[in-house]
*Asks:* 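What follows is a single structure, and I will ask about it in a moment.
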Protein chains: 2
Amino acid sequence: MTSKDFPLANIDCGDCPIRHRAVCARCEPDELQTLEAIKFYRTFEAGQTVVWAGDAMDFVASVVEGIATLSQTMEDGRTQMVGLLLPSDFVGRPGRETAAYDVTATSRLTMCCFRRKPFEELMGRTPHIGQRLLEMTLDELDAAREWMLLLGRKTAREKIASLLAIIARRDATLKLASDSRSIVFDLPLTREAMADYLGLTLETVSRQVSALRRDGVIELEGKRHVVVPDMERLLGETGDDTDGGMLI
Amino acid sequence: MTSKDFPLANIDCGDCPIRHRAVCARCEPDELQTLEAIKFYRTFEAGQTVVWAGDAMDFVASVVEGIATLSQTMEDGRTQMVGLLLPSDFVGRPGRETAAYDVTATSRLTMCCFRRKPFEELMGRTPHIGQRLLEMTLDELDAAREWMLLLGRKTAREKIASLLAIIARRDATLKLASDSRSIVFDLPLTREAMADYLGLTLETVSRQVSALRRDGVIELEGKRHVVVPDMERLLGETGDDTDGGMLI
DNA sequence: GTCGAACCTTGATCGAAATCAAAAAATGAT
DNA sequence: ATCATTTTTTGATTTCGATCAAGGTTCGAC
């Protein structure tokens with residue numbers, strides 16, 4: 001079982017749609033009640049830091065709405081984003097007291113948090129929560145390794161195309177019913193954040209986005225609104241195998 | 001709890017020291033018996049492929065001896081190593097039918113394998129195996145993210161120093177009793193494999209290894225035998241924070 | 001030992017992305 | 001609306017690592 005078995009679109013459960021996908025799709029009523037008791041919400045404004053690497057972190061959480069980034073920074077300021085947290089993604093590691101990465105809100109962000117200690121206790125007596133977390137962690141590991149290929153071997157143009165394809169694909173799950181052939185979405189990241197994710201500079205990101213537009217691979221309305229007239233064409237620019245599970 | 005709580009050096013249990021660390025440090029006798037019944041060993045020669053990405057993989061496994069690599073290849077041949085498997089590391093994903101990466105032996109390799117289906121059944125009724133696997137997977141995710149920083153932001157020299165430091169550190173756990181100040185180990189990888197791991201070309205690897213030797217950071221006896229006279233000095237070349245848990 | 005095949009090193013040149021620099025566009029505050 | 005700030009684009013130049021090319025080592029087979 002992978003996270004694809006819990007598509008966001010299939011879930012409709014009130015104030016916290018995410019929690020269910022993340023940890024308790026198979027929870028019994030008493031387990032849900034325990035989760036209710038230890039949960040709380042936090043919201044952050046765009047740009048705010050959720051936690052700094054090394055800080056104590058006494059909760060684990062699920063993103064409800066908005067976007068956050070996980071990043072690592074070297075002493076001299078070089079920064080690499082190591083994860084992008086979209087709605088339904090899980091943050092925090094059971095058994096770890098301090099945050100391993102900087103977590104930053106890149107848009108207005110709502111998270112559903114669970115106090116760590118009682119969450120760990122619940123995990124201890126509720127195996128399927130651990131199983132679910134293992135599935136999610138394995139998915140994240142796959143994503144991290146896919147990103148290693150991107151960082152280590154792809155050209156700047158391929159990197160940009162790959163990022164756009166990933167955002168388009170992830171966004172598309174939320175509006176599949178669309179009739180139009182072309183895919184439309186808003187970039188949730190600044191050029192600088194894209195650069196930090198892709199291991200590039202913001203100037204290179206800007207140049208390559210311009211180049212993809214000039215070549216007709218994408219259209220831009222404003223700086224952030226992207227139209228992909230032909231998804232196949234964009235995928236062809238990523239360097240990835242076009243067959244396989246890649247298509248939307 | 002992290003994998004550091006199961007240091008290899010502390011374990012002494014006969015023909016398969018690894019299995020215990022990986023999945024059954026806390027197993028009951030009947031569980032161990034089940035594992036015995038579904039386990040088998042496979043050995044590979046240096047250079048042999050264990051599985052190709054996409055192939056059916058009906059077992060999960062633990063490395064007993066030797067070194068293997070996980071790598072991804074693009075259609076045009078560009079290759080990125082996404083993981084290095086040393087003794088005690090686990091391969092394979094419960095619930096996944098096919099290999100996601102090429103697995104290749106870089107030295108003579110012995111693996112302790114468990115048939116996947118019965119292993120998954122055992123996992124289903126033995127929560128702590130899943131818990132242990134979750135811990136290991138989270139450690140791997142951390143390692144993958146550390147590698148993302150290396151691939152995205154470090155210079156060639158820093159990449160080489162980082163790889164040497166990691167191998168030295170990992171090797172050092174096997175011979176901590178050493179009296180000498182300097183750390184000595186054999187490089188388990190060819191220059192080409194190092195390049196694939198670091199997102200470089202083999203020529204750049206060769207040049208940077210030569211440069212580190214010229215600058216006295218390392219000494220080489222032959223091509224593969226490395227002496228690190230001053231570990232602090234090497235760590236200073238990695239670009240990482242020198243304080244923190246990094247030191248051996 | 002000699003031969004051949006991998007593996008490694010070094011040199012010369014090239015090129016993609018970084019860096020340096022400036023200006024334009026968007027955003028938000030007053 | 002105006003001004004200040006942030007974000008983005010574009011241009012000129014530099015640099016690091018890739019690429020192309022040629023030898024040198026090591027090691028196993030015979």
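First the proteins, then the strands, lettered A, B, ... as listed; each starts at 1.
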*Asks:* To the nearest Å, give me how far apart CZ (Arg213(A)) and C1' (dT10(D)) are.
*Replies:*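 Computing the Arg213(A):CZ to dT10(D):C1' distance gives 11 Å.
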*Asks:* Take atom CG of Leu198(B) and atom C1' of dA18(D), then tell me their distance rounded to the nearest Å.
*Replies:* 15 Å
*Asks:* Would you mind classifying the nucleic acid contact of Arg78(B) as base, sugar-phosphate or nothing, using non-hydrogen atoms under 4.0 angstrom?
*Replies:*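 No contact.
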*Asks:* Closest approach to the side chain of Leu202(A), judged atom by atom: which nucleotide of dT8(D), dT19(C), dT19(D) is it?
*Replies:* dT8(D)
*Asks:* Could you tell me the separation between the CG atom of Asp196(A) and the C1' atom of dT7(D), rounded to a whole number of Å?
*Replies:* 14 Å
*Asks:* So does Lys223(A) pair up with Asp186(A), basic N to acidic O under 4.0 Å?
*Replies:*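 No, Lys223(A) and Asp186(A) are not salt-bridged.
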*Asks:* Could you tell me whether the side chain of Arg157(B) has a donor or acceptor atom within less than 3.5 Å of a complementary atom in the base of dG17(D)?
*Replies:* no
*Asks:* Can any side-chain N or O of Ser210(B) pair as donor or acceptor with the backbone N or O of Ser206(B) at less than 3.5 Å?
*Replies:*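 Yes.
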*Asks:* Would you mind reading off the distance between Leu220(A) atom CG and dT10(D) atom P, rounded to a whole angstrom?
*Replies:*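 Result: 10 Å.
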*Asks:* By nearest heavy atom, map Arg224(A) and Ala156(A) onto DNA chain C; which one lands nearer the 5' end?
*Replies:*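 The answer here is Ala156(A).
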*Asks:* Output yes when at least one side-chain N/O atom of Thr204(B) is less than 4.0 Å from OP1 or OP2 of dA18(D), else no.
*Replies:*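 Looking at the OP1 and OP2 atoms of dA18(D), one of them is under 4.0 Å from a side-chain N or O of Thr204(B).
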*Asks:* Name the closest nucleotide to the Glu203(B) side chain, picking from dA17(C), dT19(D), dT19(C).
*Replies:*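 The listed nucleotide nearest to Glu203(B)'s side chain is dT19(D).
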*Asks:* How long is the line joining CD of Glu221(A) and P of dA26(C), in whole Å?
*Replies:* 13 Å
*Asks:* Just to be sure I understand the rule, does Gly199(B) reach a base, reach only the sugar-phosphate, or reach nothing, if contact means heavy atoms closer than 4.0 Å?
*Replies:*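 Here Gly199(B) touches the backbone only, sparing every base.
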*Asks:* dA6(C) P sits how many Å from Met194(B) CE, rounded?
*Replies:*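 Result: 21 Å.
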*Asks:* Does Ser206(B) put a side-chain nitrogen or oxygen below 4.0 Å from OP1 or OP2 of dC8(C)?
*Replies:* no
*Asks:* Can you check the Leu200(B) CG to dC16(D) C1' distance for me, whole Å?
*Replies:* 11 Å
*Asks:* What nucleic acid atoms does Thr201(A) come within less than 4.0 Å of, heavy atoms only: base, sugar-phosphate, or nothing?
*Replies:*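 Base contact - Thr201(A) has a heavy atom under 4.0 Å of at least one base atom.
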*Asks:* dC8(C), OP1 or OP2 - any side-chain N/O from Arg207(B) closer than 4.0 Å?
*Replies:* no
*Asks:* Whole Å only: how far is the NE2 atom of His225(B) from the C1' atom of dC27(D)?
*Replies:*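 So the NE2-C1' distance, His225(B) to dC27(D), works out to 18 Å.
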*Asks:* Please indicate whether Glu203(A) has more than 12 foreign heavy atoms, meaning atoms of other residues, nucleotides or ligands, lying under 6.0 Å from its CD.
*Replies:* yes
*Asks:* Is any NZ, NE, NH1 or NH2 atom of the basic residue among Asp215(B) and Arg233(B) found under 4.0 Å from an Asp or Glu carboxylate oxygen of the other?
*Replies:*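 Salt bridge flag = no for Arg233(B) with Asp215(B).
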*Asks:* Examine Arg108(A) relative to Phe44(A) and say whether NZ or CZ is less than 6.0 Å from the centre of the six-membered ring and inside a 45° cone about the ring axis.
*Replies:*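 Judged by the rule (NZ or CZ under 6.0 Å from the ring centre, within 45° of its axis), Arg108(A) is not positioned above Phe44(A).
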*Asks:* Considering only side-chain heavy atoms of Arg191(B), which listed nucleotide, dA17(C), dT10(D), dT9(C), is closest?
*Replies:* dT9(C)
*Asks:* If you assign Arg153(A) and Ser210(A) each to the DNA chain D nucleotide with the nearest heavy atom, which residue ends up on the more 5' nucleotide?
*Replies:* Ser210(A)
